[in-house]
Protein chains: 2
Amino acid sequence: MTSHDTPRRATIADVARAAGVATSTASVVFSGKASVAAATRERVLAAAADLGYAGPDPRAASLRRGRSGIVAVVLEGHLRAAFLDPVTTAMMDGLTDGLADLSAGILLMRDDPGDDGSPLSNAPVDAVVLIGCSGRTKASLDIVRSRGLPVVVIEGDAGEGIPRITLDNTAAAADVARHLYDLGHREVALVTLPLDTRGERAPVTQERIDTATVEVTVDRLAGMREVFPTAPAISTGSSLIDEGLLAGRTLLADPATRPTAILAQSDLIAVGVIRAAEELGLRVPEDLSVAGFDGIAADGLGDLVLTTSVQPAVEKGRAAGEQVARMLQGEPGLTLHLTCRFREGTTTAPPSR
Amino acid sequence: MTSHDTPRRATIADVARAAGVATSTASVVFSGKASVAAATRERVLAAAADLGYAGPDPRAASLRRGRSGIVAVVLEGHLRAAFLDPVTTAMMDGLTDGLADLSAGILLMRDDPGDDGSPLSNAPVDAVVLIGCSGRTKASLDIVRSRGLPVVVIEGDAGEGIPRITLDNTAAAADVARHLYDLGHREVALVTLPLDTRGERAPVTQERIDTATVEVTVDRLAGMREVFPTAPAISTGSSLIDEGLLAGRTLLADPATRPTAILAQSDLIAVGVIRAAEELGLRVPEDLSVAGFDGIAADGLGDLVLTTSVQPAVEKGRAAGEQVARMLQGEPGLTLHLTCRFREGTTTAPPSR
DNA sequence: TTGTACGCGTTATCAC
DNA sequence: GTGATAACGCGTACAA
């Protein structure tokens, strides 16, 4: 090493030397894990300031501690698509809460295989939260398990003793359907979430249900069909207002076959259906009842309050975070089943005919 | 160490020993940084599988390499609020792209001081991207700089040679305004983004402008006022359809003072204004012209195409990612000024009166 | 192509 | 309250 090398960043050892104390003492000054004489602490801090030392290198600390403080969240598909869904964002918020004590933050990752194996293999994370459960998620799961990382799955079945956070989608969807049934509706149509990643907009056939890969869609559909076994259903490409608008136009086009109520599998879709009704001069709920699912603060609805099933999106995230925290303390992670709560709004009423 | 200790996880040294090779050889097998005889590679892989070794520990690797592969993204406020804005999500998508080569992922962080200093101080990240520029962002910036991490600021001024990615907000807003002026509009009202983090819904006074902290809002307003110096403006609480709806109702309530055109500072707000017009039975663009800003694929607009200024949101993120990548290679980061592009849609037309 | 030896920067453990 | 020392698990010159 000659004197014209790049000036190396100061380390805690340099600071300790400059302050005339042991490195362990300097370390304790920064970590606060033990009490230090005020005078020595001052000397160390002064030396640090002098050398431009900005605290322990997190990389070295992670190695030594065996913890990085980072939890990975694996989403399927583009980030944009994931975050377009208000339920996902609410869940992420809950997750940060549930993780608040131990986590430095949330590492967003796509379950995209990439070139040389998933980045998931090389990320310094302490635990992983998997969201949804496509085929690719399964591959991510294998990597995570072989690394021996704690993992929690939200809305998906990872099998074999992996803790998960689930929703009573089927029962909750049935509740909403029953509400319409009790109001007297018999001519009801359904608008579903995408059945698979292709997201085809088309009538839902039994064959399509059998080959569907999105569990949520199938579960909610099953609940609705418990009450209305023969109700026609149409699938959307994603959970968006404009998707609901398209589906609504299709379903409402022909006055002869027009349903008296439409059940949507998400609030955004329901908002779109309402807009389609307004376009056609139909009043909600007088001429058409519309119900959604999720219970998010739907933007774009104006004064109406949507009849829906409120899912505990934030709690879902928080629960996942808490299970991760438990597992990091060595306790086993628990599988939790959360329940939705029916909420009657102003978009449903008895049929007029 | 007694035999009833917790079984320690296998390390690369264990694998090498089991395979009868040197640790360096085993290391190379996993990193692929040099060629290894096929036979030895097999032996190493077999030994690894045998011991349940899942590849090098990323924490140790980061220390050794001096890189973690993680880039932090600091957002202001709740994650939910940030991701509710489609511009932000589009930007994040671009960021992941621009970072694709070197990054394991992006670490989401709030610029929330927290209890014991920002988590930003202890996160093992290689670089930081700051978004927006509130007062608190300034604090985050100090931490980052003292740690000597490369940093890029999007839509904000960090001062003193910190690379940033900016938009020509003022000029672009003026372009949109000029379009309306050229169509013949003289009675124009403005709806702005929030002026500060409080997000008060109220008429915009000069005093409020002077104390505003959100640069984007002020810049776009300046551009609009270049063309319509005396146009009344009203601020929203955030960039949401329902916020636009509220503002629209206020501005359109009184037929006597009703403007012939409304300029909104975001597309979502514009969508809300259009809904307010529809509520009142006003046709867009015949009775009222509406223009937005952002050029996002606005959900909930139906068949109308919004007249707006299309901002390169994805490019903004990508550019930030690329500058980060550059800085990590030791080259200086560049400040980039991106420009918006005016797009005429079907929501603006000459005034009818 | 393979092996040896060292350092990356920190923190936990113990003795003083 | 403070100090010496040994890991933590890996990558990489360098020598063989």
Side-chain angles (χ1 to χ4, degrees), chain A residues 1 5-6 8-44 47-48 51-69 104 121-126 147-148, chain B residues 1 5-6 8-44 47-48 51-69 121-126 147-149:
Chain A
M1 294 295 163
D5 278 319
T6 304
R8 200 175 48 82
R9 272 194 89 71
T11 75
I12 202 172
D14 299 329
V15 173
R17 198 174 315 120
V21 301
T23 56
S24 51
T25 306
S27 173
V28 164
V29 167
F30 288 105
S31 72
K33 294 248 175 194
S35 44
V36 184
T40 16
R41 170 209 255 87
E42 289 311 319
R43 281 222 311 288
V44 171
L51 295 173
Y53 177 75
D57 180 337
R59 282 180 285 258
S62 321
L63 172 58
R64 180 60 239 219
R65 286 204 244 256
R67 288 277 159 84
S68 66
S121 320
N122 307 315
V125 299
D126 295 340
R147 277 184 60 182
Chain B
M1 293 292 163
D5 277 322
T6 304
R8 202 173 47 83
R9 272 196 87 71
T11 74
I12 203 171
D14 300 327
V15 173
R17 198 174 314 119
V21 302
T23 55
S24 58
T25 308
S27 174
V28 165
V29 167
F30 288 105
S31 73
K33 294 249 173 191
S35 44
V36 184
T40 8
R41 170 208 254 86
E42 290 309 320
R43 281 221 311 288
V44 171
L51 295 173
Y53 179 74
D57 179 339
R59 282 180 284 259
S62 344
L63 172 58
R64 184 58 242 232
R65 288 202 242 260
R67 288 275 159 86
S68 67
S121 319
N122 308 313
V125 300
D126 295 339
R147 278 184 60 182
L149 294 174

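Note that the structure is predicted; figures quoted are calculated from it, not measured. Residue numbers begin at 1 in each chain, while the letters A, B, ... track the order of the sequences.
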> Any idea which heavy atoms bring B/Ala48 and B/Phe30 closest together, and the distance?
CB-CZ, 3.9 Å
> Rounding to an integer number of Å, can you tell me how far B/Arg147 CZ sits from C/dG9 P?
14 Å
> For B/Arg147 and B/Asn122, which heavy atoms make the closest approach, and how far apart are they?
NH1-N, 4.0 Å
> Give me the atom names and distance for the closest heavy-atom approach of A/Val15 to A/Val44.
CG1-O, 3.7 Å
> Would you please confirm or rule out a distance under 4.0 Å between OP1 or OP2 of C/dT2 and any side-chain N or O of B/Thr40?
yes
> Taking A/Arg59 first and then B/Asp126, would you say they form a salt bridge - that is, a charged N and a carboxylate O separated by under 4.0 Å?
yes
> Under 4.0 Å, counting only non-hydrogen atoms across every strand here, what does B/Ser35 touch: a base, just sugar-phosphate, or nothing?
sugar-phosphate
> Can you give one letter per nucleotide of nucleotides 11-16 of chain C, 5' to 3': B if a protein heavy atom sits under 4.0 Å from the base, S if only from the sugar-phosphate, - if neither?
BB----
> Please name the pair of heavy atoms, one in A/Arg41 and one in A/Val36, separated by the smallest distance, quoted to 0.1 Å.
NH1-O, 3.7 Å
> Can you pull out how bent the helix from C/dT1-D/dA16 to C/dC16-D/dG1 is, comparing the axes over its first five and last five pairs, to 10°?
30°
> Looking only at heavy atoms, what is the nearest atom pair of A/Ala34 and A/Val28, with distance?
O-CG1, 3.4 Å
> Whole angstroms only, please: what is the CG-P distance between B/Asp57 and C/dT10?
18 Å
> Please report the shortest heavy-atom distance between B/Pro124 and B/Ser68, naming the atom on each side.
O-OG, 2.6 Å
> Closest nucleotide of DNA chain C for B/Leu63 versus for B/Val21: which of these residues is on the 5' side?
B/Val21
> Once you round it to whole Å, what is the distance between P of C/dG9 and CG of A/Asp14?
9 Å
> Can you pull out every side-chain hydrogen bond (donor to acceptor under 3.5 Å, both in side chains) where at least one residue sits in residues 17-31 of chain A? Sequence neighbours excluded, please.
A/Asp14-A/Arg17
> Taking atom P of C/dG9 as reference, at what distance in whole Å does atom CZ of B/Arg59 sit?
19 Å
